[in-house]
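Okay, structure first, notes after.
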Number of protein chains: 2
Amino acid sequence: MNIHALFKLSYGMYVVSSKEKDVFNGQIANTVFQVTSEPPTIAVSINKKNLTHQFIQKSNVFTISILERDVPMEFIGRFGFRSGKEIEKFEGIDYKLGVTGAPVVIQNCLGYLECKVTGNIDVGTHTVFIGKVAEAEVIKDGEPMTYAYYHQVKNGRSPKNAPTYIKETVAK
Amino acid sequence: MNIHALFKLSYGMYVVSSKEKDVFNGQIANTVFQVTSEPPTIAVSINKKNLTHQFIQKSNVFTISILERDVPMEFIGRFGFRSGKEIEKFEGIDYKLGVTGAPVVIQNCLGYLECKVTGNIDVGTHTVFIGKVAEAEVIKDGEPMTYAYYHQVKNGRSPKNAPTYIKETVAK
């Protein structure tokens, strides 16, 4: 088996956010995709260890903000490599409250989706949440950040809790 | 709601294949992602009307062949816009039999994954199948075909049964 074949799968990059009561959290995820068009429905894979996972389970809502290609690495670092257990992720960030009551990151994003959880499947270390799109908006034109661009052009890394994490000794 | 936000999600493009006894079928899909890294596990969303859906349900195996960016449009047309109920999709195609017994498309592909179904979730018009990776190989170096490249550069369309289908009057 050559696990490098997995590196050829293509993804975008997103901030997935949720809430618990009046506390917000968000994290970077690449594993977001549309699963049906009628009604528009989204699937996202989230690590059970992440605070966002706990919040989605409790509130049954999540939002997806679609990162633009020019997003600064510091911004990805804040949402992707720091835990909401340690820092207040939304402090100083341009965001708004969505119709679901969860935060929607606006800064460095092309658009967003707000979803209400309609199902989930336990896949071991992660849960795949299925969410019906309750709201969707385009913020601006532009190219989305892709996982390939992040790794190849920006020399970005993946945190250990990512579905697509590969040990550094194996990864390019 | 501005459904155009969904167009900003990024995907690759793949041939998803399966079998029923000694009959093979395959179809184009963009909705493929890795959901956990240990063990490597894949999710794919397949329309219930498609023959490949029926085959995956019966055999509990599927393969993912990762299309290269230079794949001819005729090749995508064969797997994406014709039904296996009408044509023998693998006739004249360079493929091999995988360890799961399902066919693996080699032609115009960078690599492949073979998966055994470990779970699924009904999402209305589609089923999201979860599959543990049983085999993975890199065929050659190169850039993968992406959904954005297919639409923007190659002027490709989406068939009606795709999770990301948008009526032509709405789509760019």
Side-chain angles (χ1 to χ4, degrees), chain A residues 1-14 30-43 45 47 64 66 68 109-113 118-128 130 133-139 142-148 158 162-166, chain B residues 1-14 30-43 45 47 64 66 68 109-113 118-128 130 133-139 142-148 158 162-166:
Chain A
M1 188 182 309
N2 183 351
I3 212 69
H4 283 81
L6 288 163
F7 298 163
K8 302 290 186 186
L9 301 183
S10 301
Y11 304 92
M13 283 185 70
Y14 312 96
N30 61 305
T31 51
V32 169
F33 68 5
Q34 189 178 351
V35 292
T36 69
S37 63
E38 293 180 4
T41 305
I42 298 293
S45 180
N47 194 297
I64 307 282
I66 303 157
E68 66 181 342
C109 290
L110 299 180
Y112 65 84
L113 310 168
T118 54
N120 69 76
I121 182 163
D122 186 330
V123 289
T125 54
H126 292 63
T127 300
V128 177
I130 309 294
V133 177
E135 182 60 287
E137 284 303 338
V138 173
I139 298 168
E143 291 299 314
M145 177 61 112
T146 66
Y147 203 58
S158 297
T164 48
Y165 172 75
I166 304 281
Chain B
M1 185 179 314
N2 183 352
I3 213 68
H4 284 81
L6 289 162
F7 299 164
K8 301 290 186 186
L9 302 181
S10 300
Y11 304 92
M13 284 186 67
Y14 312 95
N30 60 304
T31 50
V32 169
F33 67 5
Q34 187 177 352
V35 291
T36 69
S37 63
E38 291 181 4
T41 305
I42 298 293
S45 181
N47 193 297
I64 306 283
I66 303 157
E68 66 181 342
C109 290
L110 300 179
Y112 63 85
L113 311 167
T118 55
N120 68 76
I121 182 163
D122 186 329
V123 289
T125 54
H126 291 64
T127 300
V128 176
I130 309 293
V133 177
E135 181 61 288
E137 285 303 338
V138 173
I139 297 167
E143 291 299 313
M145 176 60 112
T146 66
Y147 203 58
S158 297
T164 47
Y165 171 75
I166 306 278

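Residue numbers start from 1 in every chain, and the chains themselves are labelled A, B, ... in the order their sequence lines are given, proteins ahead of strands. Basis for what follows: all heavy atoms, side chains included, without hydrogens, waters or symmetry-related copies. All figures in this text were calculated on a predicted structure; none of them were measured in a lab.
- At a 4.5 Å heavy-atom cutoff, B/Thr41 makes no contact with chain A through either its backbone or its side chain.
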Could you check B/Gln34 against B/Thr36 for side chain to side chain contact (heavy atoms under 4.5 Å, CB included), going step by step and ending with a plain yes or no?
CA-CA 6 Å; B/Gln34 187 177 352; B/Thr36 69; over 6 Å; no
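- Residue contact with chain A, scored on non-hydrogen atoms closer than 4.5 Å, involves the backbone and the side chain of B/Val138 alike.
- Ranked by non-hydrogen atom pairs under 4.5 Å with chain B, the options A/Val123, A/Val133, A/Thr125 are led by A/Val123.
- In terms of heavy-atom pairs under 4.5 Å with chain B, the best-connected choice from A/Ala148, A/Ala136, A/Gly142 is A/Ala136.
- Looking at A/Leu9, both its backbone and its side chain come within 4.5 Å of chain B, counting heavy atoms on both sides.
- Only the side chain of B/Ile42 comes within less than 4.5 Å of a heavy atom in chain A; its backbone stays farther off.
- Residues forming a side chain to side chain donor-acceptor pair (under 3.5 Å) with A/Glu135 (at least two apart in sequence, or on another chain): none.
- Proximity to chain A is limited to the backbone of B/Ala134, based on heavy atoms less than 4.5 angstrom apart.
- Within the 4.5 angstrom heavy-atom criterion, no atom of B/Asp122 approaches chain A.
- Within the 4.5 angstrom heavy-atom criterion, only side-chain atoms of B/Tyr14, from C-beta onward, approach chain A.
- Listed by chain and residue number, nothing satisfies the side chain to side chain donor-acceptor pair (under 3.5 Å) test with B/Glu137 (two or more places apart in sequence, or in another chain).
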